[in-house]
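This report refers to the structure that appears directly beneath it.
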Protein chains: 2
Amino acid sequence: MPSDQTRSAILAAAERLYADRGFGDVTLRDIVAEANVNLAAVNYHFGSKDELIAELFVTRSIQTNRERLNELKVAEERGGGRASIEDIMRALVGPTLRGCLGPDREGSTAARFMIRASIESVPPIRRIKNREVDHLRKFAAAMRRAMPASNDTELYWGLHFALSMAHHTIREKERLLKLSEGKCDLDDVAGIIDRVVTVSVMALTIGEVASKPPVRPAVMHGRLTRQDL
Amino acid sequence: MPSDQTRSAILAAAERLYADRGFGDVTLRDIVAEANVNLAAVNYHFGSKDELIAELFVTRSIQTNRERLNELKVAEERGGGRASIEDIMRALVGPTLRGCLGPDREGSTAARFMIRASIESVPPIRRIKNREVDHLRKFAAAMRRAMPASNDTELYWGLHFALSMAHHTIREKERLLKLSEGKCDLDDVAGIIDRVVTVSVMALTIGEVASKPPVRPAVMHGRLTRQDL
DNA sequence: TTGCTTTTCAAACATTTGTATGAAACTATC
DNA sequence: GATAGTTTCATACAAATGTTTGAAAAGCAA
């Protein structure tokens, strides 16, 4: 058997098992059993368990990033070098949401793996995520071009909130479904993307009116602290 | 030594260690060493490691929930039985954000523990979180009273997005700080709460204009799928 | 004190886990 | 077809970890 066959069998089995049962419940022995390879093969081909997980996550992350930048590029070309802020935000959150939500996506191992990675956050994945910042700078730059009037602070908050809504929707989709008693349609991916984009763009326009958000009613009573429960 | 002393020594030591080093890196032996008690004491007083973690998390969750409902009650009383939608959202996200962000909060063990719990999401905590839904229904009810025109779907999405922004800001504050090169002031807790509240309320007003979000440019080109990278 | 319950303690248990080893099987090149 | 390099395999290793045990200690009521 060529070496690559064992390697990819391990990758596929690991991704499937991690997606189904999470990182905490899957051991190397589970993976090699699923892949029908020897236990030592993991360390031979990947060096360690953590490096296996890292490779899985990096592969999928690169895919998502490529999709995002691709969608951004398409939007910029269509706009003659300048994409609208809506399209930029859509390029940011669209790929992730499309990948992880939707009815048929239940079968997508890659998507379910990335959801797990988002929820459980094991050390090797956390390490990678912390270096993931520079890829977002490209989106910050595009946003800056699209709304030159806005200042950087507002821009970063808008970017942050967009990712907040997208990721949290993926992470907590079960809970939202339960809370809303099915009223929130988690299968309407296009609608969800519209929602997130709309709200994100609105968030960005806060900064265009004033540098400080407008609404700030007096609510902080002196006696309302963490102590008095 | 009275039995309660050992019990609370374990609780305190566990919360401190988990807050500092995370759930993955702290063993029972670390905890009992920090608490100066015997290893078997944990199982004697709590039954198991998971039940210890669960007790820690439940205690802090109850605290947060009480703060939220308290703040909601204050706002409703001030408004003569009806709180404004701004104040409701503020009561929802305020306690968590105040508890977990801010400069002096660095020393608060409870806050850092809850951040860890939000990031790492170990099984006993996940189990509890999944039952945490009914507490949010009280907020949904208050929101319904505040904006009777809005339909339930929009309401739940607004609630969900508010929590998204609050939790994600806590979870990813380091990354946001790095991405924005310090431009986003994570110590200005009041400002952050204002931001989240403002955006949440705006998100809720989407539904008052129309039942579907307005912005929906044609971006989904046929060739833009998960494959073509 | 006596007797009973609760709590502490040191030690051991039982598993699980990732990793390492060294020989065997396989592959490809000469 | 011999040889060198690669890959597979069964097995063992070593360490960590949550849990259990049974006796000692402490607390407390009669």
Side-chain angles (χ1 to χ4, degrees), chain A residues 1-58 113 116-117 120-128, chain B residues 1-58 113 116-117 120-128:
Chain A
M1 192 193 278
S3 76
D4 232 28
Q5 210 155 321
T6 304
R7 228 187 105 89
S8 41
I10 292 172
L11 283 170
E15 185 167 50
R16 199 170 339 131
L17 287 181
Y18 284 143
D20 283 342
R21 293 159 36 191
F23 296 99
D25 283 351
V26 176
T27 70
L28 287 190
R29 282 167 178 81
D30 294 331
I31 293 172
V32 298
E34 179 87 358
N36 276 314
V37 300
N38 188 270
L39 174 60
V42 174
N43 286 280
Y44 178 79
H45 284 282
F46 297 93
S48 70
K49 183 199 182 188
D50 277 13
E51 288 174 88
L52 165 62
I53 295 178
E55 174 153 343
L56 281 171
F57 184 71
V58 165
F113 172 81
R116 283 284 182 191
E120 291 196 22
S121 168
V122 292
I125 290 182
R126 239 188 330 252
R127 276 193 288 273
I128 295 166
Chain B
M1 191 193 280
S3 75
D4 235 27
Q5 209 155 323
T6 304
R7 227 187 107 89
S8 42
I10 293 172
L11 284 171
E15 184 168 49
R16 199 168 342 129
L17 288 181
Y18 284 143
D20 283 342
R21 292 158 37 191
F23 296 99
D25 282 350
V26 175
T27 70
L28 287 189
R29 282 168 178 81
D30 295 330
I31 294 172
V32 299
E34 179 88 357
N36 276 314
V37 299
N38 187 271
L39 174 59
V42 173
N43 286 279
Y44 178 78
H45 285 282
F46 298 94
S48 69
K49 182 198 183 191
D50 277 13
E51 288 173 89
L52 166 62
I53 295 178
E55 174 153 343
L56 281 171
F57 184 70
V58 166
F113 172 80
R116 284 283 182 192
E120 291 196 23
S121 170
V122 18
I125 290 182
R126 235 183 340 244
R127 276 193 287 273
I128 296 166

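In what follows, every chain begins at residue 1, and chains take the letters A, B, ... in the order their sequences are listed. Side chains included, hydrogens not; waters and symmetry mates left out as well; all remaining heavy atoms used.
Atom CG in L17(B) sits roughly 13 Å away from atom P in dT17(D) (whole-Å rounding). Atom OH of Y44(B) and atom P of dA23(D) are 17 Å apart (whole Å). The distance from atom CG of N36(B) to atom P of dT8(C) is 13 Å, rounded to the nearest whole Å. Between F46(A) atom CZ and dA20(C) atom P there is a gap of 16 Å when expressed in whole angstrom units.
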Steps toward side-chain contact (heavy atoms from CB on, under 4.5 Å) verdict (N43(B), L28(B)): CA-CA 10 Å; N43(B) 286 279; L28(B) 287 189; 4.3 Å; yes

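For the side chain to side chain contact (heavy atoms under 4.5 Å, CB included) test, residues two or more places apart in sequence or in another chain that qualify with E34(B) are A13(B), R16(B), L17(B). Under the rule for a side chain to side chain contact (heavy atoms under 4.5 Å, CB included), the partners of N38(B) that lie at least two apart in sequence or sit in another chain are A40(B). Scanning for ring-ring contact (aromatic ring centres under 6.0 Å, His included) contacts around F23(A) gives Y18(A), F113(A), with sequence neighbours left out. By the side chain to side chain contact (heavy atoms under 4.5 Å, CB included) test, R29(A) pairs with T27(A), L39(A), sequence neighbours left out. D25(A) pairs by the side chain to side chain contact (heavy atoms under 4.5 Å, CB included) definition with R21(A), not counting sequence neighbours.
For dT8(D), the OP1/OP2 oxygens have a side-chain nitrogen or oxygen of H45(A) closer than 4.0 Å.
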Protein heavy-atom contacts under 4.0 Å, written 5' to 3' over nucleotides 10-19 of chain C as B (base), S (sugar-phosphate only) or - (none), form the string B-B----BBB

